[in-house]
Amino acid sequence: MQPSFDVCVVGSANLDLVATAERLPGPGETVMGSAYAEFAGGKGLNQAVAASRAGARTAFAGAVGGDDAARQLIAVMDADSIDRSALVELSDAPTGRALIGVSSSGENSIIVVPGANGRLKPNDVRAAAGSGRVLLVQREVPAAVVREALGAAKRAGALTILNPAPASRVDEDTLALCDIVIPNEHEVQLLGGVSTLLDFGVSSVVITLGSRGAMLCRPGQSVLAIPAFSVEAIDTTGAGDAFCGAFAATMSRGVDIVEALRFASAAGALATTVRGAVPSLPHREAIEALLTNAE
Ligand code: RIB
């Protein structure tokens, strides 16, 4: 059966409560902030919006609560033409929240309170997970949901991509279901390193390095560096999600992985130039313009 979507994203949806300060506080410290704002976010929703804005027909499977925050996030899904038939709305749960501090250099620190995201069940995502050419999943929903999504997508013949964020260990059965894993430097260590991932049958490991670009590691091939794009970064929140969503969208078009990574790298760079997660995720035209100007 033909997949109904280019990309299905299974993951979290949060309302981001964002405070900006000259620098981030250390443990036990209070610093004075300069601004406060609320934005749509959550790694899952961010990646779904990024994929849709990059041109992919996108479905999102996740959970929200029965509050005002849920209505705001649903409005974002609709505005970005994201199919939400597999969105679970739990009237007795709060929507996920992320408390985010952003410094004047654009760095952030994030505490996620999962709320409804933590109540998502494997059964909720089974059908949707196999409905795209590409499945993209992160780690802000229960581990059993992540495993089920990857398994269902594999059975349906989809390309499976895991972004193992936030950093934590991932069980071997789950890793064995991944075609591509996109960790950052810290996450790849927690997963046992690149060779361990390749030994589990992962065909490509993409290590994201922030402003230093990314590295593509494949079995039996030398490591390939994907250069970063130079931009004026003001807020790095959501940049990794822009990268993953744009990458999944491009891979769904059957584009070569190196070209897809260049596109993703441009999307990630653009996302750092705008405040907030969802508001910063670039559209395909802007990504292509950056790629053209860099040539
Ligand atoms: O990756 C950025 C995201 O992490 C934020 O939008 C926040 O909600 C957390 O999930």
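In what follows, residues are counted from 1 in the order of the sequence shown. Order of listing sets the numbers, starting from 1, for every ligand and every atom in it.
In terms of protein heavy atoms, atom 4 (O) of ligand 1 is closest to K43 NZ, 3.0 Å. Of the protein's non-hydrogen atoms, the one nearest atom 10 (O) of ligand 1 is E140 OE2, 2.7 Å. Counting protein heavy atoms only, atom 3 (C) of ligand 1 is closest to N46 ND2, 3.6 Å. Protein heavy atom at the shortest distance from atom 7 (C) of ligand 1 is D16 OD1, 3.3 Å.
To the nearest 0.5 angstrom, M215 atom CE is 7.5 Å from E185 atom CD.
Look at D67 and R97 and you find a salt bridge, because one of the NZ, NE, NH1 or NH2 atoms lies within 4.0 Å of a carboxylate O, short of that distance. Electrostatic pairing of D235 and R275 does not count as a salt bridge here, judged by no charged N lying under 4.0 Å from a carboxylate O. The existence of a salt bridge linking E29 and R23 is confirmed by a sub-4.0 Å separation between a basic side-chain nitrogen and an acidic carboxylate oxygen. Salt bridge absent: D124 and K121 never bring a charged side-chain N and a carboxylate O closer than 4.0 Å.
Close approach to A277 involves these atoms of ligand 1, each under 4.0 Å from a residue heavy atom: 6 (O). Heavy-atom contacts of D241 reach the following atoms of ligand 1: 1 (O), 2 (C), 3 (C) (cutoff under 4.0 Å). Interface of A98 with ligand 1, defined as ligand atoms under 4.0 Å from a residue heavy atom, comprises 7 (C), 8 (O). Annotation for ligand 1: atoms under 4.0 Å from non-hydrogen atoms of G41 are 6 (O), 8 (O).
Proximity of N184 to I207: side-chain heavy atoms (C-beta onward) are nowhere separated by under 4.5 Å.
Contact between S12 and ligand 1 is absent, with no heavy atom of the residue lying under 4.0 Å from the ligand.
The side chain to side chain donor-acceptor pair (under 3.5 Å) test with N163 is passed by exactly one of Q47, Q138, R139: Q47.
On a distance-only criterion, G238 and ligand 1 share no N/O pair closer than 3.5 Å.
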